[in-house]
Every structure is written in C-alpha cells, then in structure tokens.
Peer 1: 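Have a look at this one.
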Amino acid sequence: MQLPPQRQGKEQETSDACVDSSGRRAESGRNPGGDSLFCFPIYGASAQIIQHTCPLYTTMCDVPVRVHRALLIVGTLLGWVCLLPVTVQGQDGPSSETALVIHGGAGSLSADEMSDDREEAYRLALRTALQEGNAVLRDGGSALDAVQAAITTMEADTLFNAARGAVRTSEGAVELDAAIMDGATRNAGALTGVQTVKHPIRLARAIMEDSYHVMFAQEGAEAFAEQQGLELVENEYFITAARRSGEEKAPADPPAAQEEDEKYGTVGAVALDAAGNLAAGTSTGGISDKEFGRVGDSPIVGAGTYAHNASCAVSATGQGEFFIRGVAAHSVASRMRFGDRPLGEAAQRTIDEIEELGGVGGVIALDRDGNIATPFSTGGMFRAYVAPDGTTAVRIFDAAAEE
Ligand code: ASP
C-alpha cells in the first residue's frame with residue numbers, strides 16, 4: 001500500500017533530516033556529552049507499526065487526506081510507545097544505583113603515629129560528610145548536589161585544609177581554590193585565590209550555573225560571589241588555632257621542603273546519581289606557605305577535578321604542581337575513554353605516572369557503572385565511599401594497615 005504522494009514525500013523529508021550515515025536517527029538521550037548514543041528509526045517504524053498493528057489501514061487508501069493524517073499521527077505516537085522499551089534497553093541504561101566517594105587529602109599518614117583520638121576525629125568527619133552527600137542521592141538528588149553537600153560539610157570542618165581550617169600562604173593569609181564539574185554536560189565552575197568566600201564550592205557551582213565563564217580569580221571571584229549573594233567572611237575566619245601553631249613551627253620553609261604531613265587536608269567528592277550522571281568537585285587551601293598567587297591543581301579542570309559521563313569523575317589530592325603537569329584527572333578519563341582501560345587501572349596508572357614525574361598524592365575516581373578507585377602513592381589518604389550496593393567504608397591508611 002502506497003501512501004498518498006504528498007504524505008509520502010513529507011514523511012521522507014522529515015525522516016532524512018534526522019538520519020545519520022547508517023540511515024538511523026541519532027538521539028543523544030540523557031548523555032549529551034557522551035559516546036553512548038542510541039539510534040532508532042522513528043518514521044519507518046511507525047509506518048511499519050501502522051501496517052502491522054492496524055490491518056484496517058490497508059483498506060483505507062481511499063479515505064480523505066485528513067483521516068490519513070490523523071492515522072499517521074496516531075501511528076507515529078504508537079510507534080514511539082512501542083519502541084520505548086527497545087531504546088531504553090539499547091543505551092547504557094539509567095542506573096537506579098547511586099554511589100559517592102569522598103577524600104580529605106593525602107599525606108604521609110601512618111597508623112603508628114596518628115593518635116587514636118585524631119584518627120577517630122577524622123573517621124567521624126569523613127562519615128559525616130559521606131552521610132550528608134549520600135542523603136542527597138538517596139532522596140533522588142543530583143550528583144552535583146551530592147558533591148556540593150559533601151564538600152560543604154568538609155569545608156566547615158576545621159580538620160581539613162579547605163575553607164575553615166585551610167593552610168596559609170607565605171604571607172600569612174588563606175587563599176582558597178575550588179572547582180566543580182557536571183559529567184552530563186561537562187559544564188564546570190572554578191575559582192582560585194579567594195580570601196573571603198565562606199564556601200568556595202558554592203561559588204564554583206554559581207560560576208558554573210550563573211556565569212558565562214568557567215573560572216574566576218581573586219578579587220573578580222569575590223566580586224562575583226558578592227553579586228550572587230554568597231556568604232562572605234573575614235580571612236581570619238579560615239585560620240584556626242591548629243593551623244596557626246602548626247605553621248609557626250616552620251614559617252619560612254619553601255613548599256618543596258615541607259613534610260608531606262602538612263600537605264593533607266584538601267577535600268573532594270565524586271558522585272553517581274540515579275539518573276546515571278557523574279559529578280566531581282574539589283576544594284582546598286592549597287599547600288602551606290605557598291607563594292602569594294600560587295594556583296594548584298584542584299581548581300584546574302582536567303588536573304585536579306574532572307567529570308564526564310562517557311568515562312568517570314575524578315578528584316585529586318597531592319602535590320598540585322605535578323598533578324597539573326600530568327593533567328591527572330583527565331588522564332584517568334582518557335585512559336578509560338581512548339585506551340579502553342578499566343577505571344581501577346586507569347586511576348592507578350595515572351598515580352604511577354605522577355610518581356614518575358616526581359610527585360605524590362592520590363585520586364578518588366568513580367565511573368558510570370559505579371566502579372570505585374582510590375589509589376594513592378602517599379602513606380595514606382583520608383577517604384570514604386558508599387558503593388552502589390550500599391557498602392560503606394571509611395579509610396585512612398593503606399589496605400594492609402586498615403585490616
Ligand atoms: N593538590 C592541592 C594543591 O596542590 C593540595 C592537596 O591536595 O593537598 O593545591
């Protein structure tokens with residue numbers, strides 16, 4: 001049965017406008033930046049469905065054009081409904097499983113040297129941040145919101161080197177860096193050298209969502225924070241008694257000569273939400289006694305922070321100069337995406353490469369299937385996760401010391 005000439009022509013034209021070289025329409029679905037496109041033949045299918053599911057249609061070639069049109073619209077809708085289960089199965093599949101991984105910095109942490117009280121305080125702080133972030137995911141919230149919630153909690157905790165509790169520059173002030181990235185869109189927001197923003201991760205989110213730009217520095221970032229109505233505080237707010245006395249011991253040491261112990265405390269989070277989207281975020285005071293204006297890896301997209309639904313979400317911690325030179329977070333993603341490596345191997349190899357460059361540190365990484373990797377080349381890394389199956393872990397030292 002042939003369609004009336006003008007309808008046939010129009011159907012063909014619409015269909016051609018949507019086809020790719022395989023003759024099928026490409027639909028990006030909920031993975032706009034990703035490589036898991038799924039394809040389906042919309043109009044051809046609806047015509048076939050009309051013919052197969054509506055035998056009456058074949059006897060109606062003589063009915064008026066308006067009736068034909070109505071049948072075609074109904075048929076097209078029917079085609080969509082019939083094809084829906086096929087297309088959902090054909091893509092990577094939205095996961096109803098969620099996952100969250102956080103870190104609170106890496107350093108020469110040793111189980112023998114850390115007091116029980118201190119260890120318990122860190123474990124409690126990690127557990128609290130994990131719960132805050134995971135509550136967002138459990139309530140159906142986005143990976144971005146979960147990352148922000150976990151990091152905001154750690155920024156407010158003086159144990160970490162992020163916002164309150166951050167280390168000071170060689171000039172004695174606190175300068176904060178942060179970044180957040182959405183794996184679904186690869187939108188990102190970042191800031192560096194901020195001295196008055198109470199929660200830098202919130203500013204990163206505002207930069208991502210409410211500005212055209214990706215990254216702001218120093219006074220410009222602070223002016224934008226003020227415009228956005230974010231809470232501002234005096235620089236003194238960030239400087240805790242512990243940091244003050246810790247730095248008084250070695251005020252003039254250049255960063256390279258510092259004990260690794262003094263470098264931990266950067267915070268980060270990576271999350272996978274129920275819609276299958278990944279996100280990553282990192283917030284830090286940088287390294288102790290850093291030169292005025294020094295920028296680390298944390299706020300640099302691809303170095304300390306990266307998320308892409310096509311591969312993984314990563315937040316790094318360690319000697320930022322090496323993580324910038326190794327483009328560490330993006331390297332994990334690239335090893336997966338272009339080298340076909342599994343997440344664990346991609347993350348471990350990246351840390352090995354940073355070590356080959358002369359730097360130490362670690363990453364937390366999470367892929368779309370909920371795989372988790374937390375390799376580090378230091379004595380320990382404060383870290384915690386909730387896996388898709390609900391397994392929860394809070395760890396500080398290497399696997400052997402944690403047993
Ligand atoms: N990577 C951070 C920086 O270099 C420091 C850290 O993670 O401890 O700024």
Side-chain angles (χ1 to χ4, degrees), residues 105 147-148 151-152 154-156 158 160-181 187-240 243-244 247 251-252 254-256 258 262-263 265-268 280-306 315-325 327 329:
V147 161
Q148 186 175 322
I151 291 182
T152 304
M154 290 188 280
E155 282 180 340
T158 56
F160 300 109
N161 171 21
R164 192 151 164 75
V167 298
R168 293 189 288 167
T169 66
S170 55
E171 298 194 339
V174 164
E175 289 185 0
L176 304 167
D177 298 342
I180 197 163
M181 187 160 183
N187 279 342
L191 54 108
T192 183
V194 159
Q195 295 203 8
T196 62
V197 180
K198 188 172 183 184
H199 283 291
I201 198 68
R202 288 188 183 150
L203 175 55
R205 182 81 181 264
I207 290 169
M208 180 176 88
E209 290 179 349
D210 299 320
S211 87
Y212 170 74
H213 307 293
V214 167
M215 191 169 195
F216 281 94
Q218 300 176 331
E219 292 88 350
E222 275 157 7
F224 184 76
E226 201 174 351
Q227 272 172 25
Q228 292 293 308
L230 296 180
E231 195 174 349
L232 304 181
V233 291
E234 293 295 319
N235 198 253
E236 273 294 304
Y237 161 85
F238 300 112
I239 304 170
T240 61
R243 291 292 179 201
R244 214 173 267 123
E247 285 164 27
Q258 287 173 17
E262 290 179 44
K263 291 179 184 161
T266 290
V267 304
T282 313
S283 181
T284 188
I287 53 176
S288 313
D289 287 325
K290 64 185 182 182
E291 297 290 324
F292 167 78
R294 177 262 188 188
V295 181
D297 60 315
S298 310
I300 296 180
V301 169
T305 307
Y306 190 72
S315 171
T317 177
Q319 292 171 301
E321 281 69 14
F322 296 92
F323 282 73
I324 294 172
R325 289 166 53 201
V327 202

Peer 1: Is the closest side-chain heavy-atom distance between Met181 and Tyr306 below 4.5 Å?
Peer 2: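 Heavy-atom side-chain distance check passes, below 4.5 Å.
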
Peer 1: List the atom of Pro299, the atom of Thr192, and the distance in Å for their closest heavy-atom pair.
Peer 2: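 The answer is CG-CB, 4.4 Å.
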
Peer 1: Strictly distance-based, threshold 3.5 Å: is any side-chain N or O of Asp177 a donor or acceptor partner for the main-chain N or O of Gly193?
Peer 2: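 Yes, the answer is positive, given that a donor and an acceptor are paired below the 3.5 Å cut-off.
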
Peer 1: Taking atom OG1 of Thr152 and atom CD1 of Ile201, what is their separation to the nearest 0.5 Å?
Peer 2: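 Thr152 atom OG1 to Ile201 atom CD1 measures 7.0 Å (nearest 0.5 Å).
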
Peer 1: Could you report the tightest heavy-atom contact between Asp297 and Gly318, atom names first, then the distance?
Peer 2: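 Shortest heavy-atom separation between Asp297 and Gly318 comes out as OD1-O, 4.5 Å.
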
Peer 1: Could you tell me whether the side chain of Val214 reaches within less than 4.5 Å of the side chain of Ile207, counting heavy atoms only?
Peer 2: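 SC-SC contact between Ile207 and Val214 ruled out.
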
Peer 1: Side-chain donor-acceptor pair under 3.5 Å between Thr284 and Ser298, yes or no?
Peer 2: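 Distance-only check fails for Thr284 and Ser298.
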
Peer 1: For a 4.5 angstrom cut-off between non-hydrogen side-chain atoms, does Thr305 reach Val301?
Peer 2: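 Side-chain contact under 4.5 Å: no.
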
Peer 1: Who pairs with Ser315 by side-chain hydrogen bond (donor to acceptor under 3.5 Å, both in side chains), at least two apart in sequence or on another chain?
Peer 2: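 With sequence neighbours excluded, Ser315 shows a side-chain hydrogen bond (donor to acceptor under 3.5 Å, both in side chains) to His103, Thr282, given in chain and number order.
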
Peer 1: How many angstroms lie between atom CD1 of Ile239 and atom OG1 of Thr158, to the nearest 0.5 angstrom?
Peer 2: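 These two atoms lie 13.5 Å from each other.
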
Peer 1: Taking all non-hydrogen atoms of both residues, which atom of Ala178 and which atom of Pro200 are closest, and how far apart?
Peer 2: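 The answer is CB-CB, 3.7 Å.
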
Peer 1: Go through Leu191 and Met215 one step at a time and tell me if the side-chain contact (heavy atoms from CB on, under 4.5 Å) criterion holds.
Peer 2: CA-CA 5 Å; Leu191 54 108; Met215 191 169 195; 5.9 Å; no

Peer 1: Grab the two heavy atoms, one from Leu176 and one from Ala166, that are nearest each other, plus how far apart they are.
Peer 2: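 Closest heavy-atom pair between Leu176 and Ala166: CD2-CB, 3.6 Å.
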
Peer 1: Looking only at heavy atoms, which two atoms of Leu232 and Val197 are closest? And how far apart?
Peer 2: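 The pair with the smallest heavy-atom distance is CD2-CG2, 3.9 Å.
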
Peer 1: When rounded to the nearest 0.5 angstrom, what is the spacing between CZ in Arg202 and CD in Glu231?
Peer 2: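 The distance works out to 8.0 Å.
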
Peer 1: Going by ring pair (Phe, Tyr, Trp, His ring centres under 6.0 Å), name the residues that satisfy it together with Phe224, two or more places apart in sequence or in a different chain.
Peer 2: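 If we apply the ring pair (Phe, Tyr, Trp, His ring centres under 6.0 Å) test to Phe224, skipping adjacent residues, the hits are Phe216.
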
Peer 1: Find the distance between CZ (Arg168) and OG1 (Thr240) and round it off to the nearest 0.5 Å.
Peer 2: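 Result: 9.0 Å between the selected atoms.
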
Peer 1: CD of Gln218: more than 12 outside heavy atoms within 6.0 angstrom?
Peer 2: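 Yes.
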
Peer 1: The criterion is side-chain hydrogen bond (donor to acceptor under 3.5 Å, both in side chains); which residues satisfy it with Arg205, sequence neighbours excluded?
Peer 2: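 Asp145, Gln148, Glu209.
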
Peer 1: For a 4.5 angstrom cut-off between non-hydrogen side-chain atoms, does Ile180 reach Met208?
Peer 2: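 With C-beta onward as the side chain, the pair touches.
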
Peer 1: Work out which heavy atom in Leu230 is nearest to a heavy atom in Ala206; give both atom names and the distance.
Peer 2: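 It is CD1-CB, 4.4 Å.
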
Peer 1: With a 4.5 Å heavy-atom cut-off, do Leu203 and His199 have their side chains touching?
Peer 2: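 No. Closest side-chain heavy atoms not under 4.5 Å.
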
Peer 1: With a 3.5 Å distance limit and no angle check, can you tell me whether Lys198 reaches the backbone of Glu234 through a side-chain donor-acceptor pair?
Peer 2: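 No: the side chain of Lys198 does not pair with the backbone of Glu234.
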
Peer 1: Quick one: pull up CD in Gln319 and CZ in Arg325 and give me the separation to the nearest 0.5 Å.
Peer 2: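 Those atoms lie 10.5 Å apart.
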
Peer 1: Any side-chain heavy-atom pair from Phe238 and Val233 closer than 4.5 angstrom?
Peer 2: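 Phe238 vs Val233: side chains touch.
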
Peer 1: Checking side-chain polar atoms at under 3.5 Å, does Thr169 have a donor or acceptor matched by the opposite partner on Glu175?
Peer 2: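 Side chains of Thr169 and Glu175: no pair found under 3.5 Å.
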
Peer 1: Going through the checks in order, is the salt bridge (Lys or Arg N to Asp or Glu O under 4.0 Å) test met by Arg294 and Glu321?
Peer 2: CA-CA 10 Å; Arg294 177 262 188 188; Glu321 281 69 14; 2.8 Å; yes

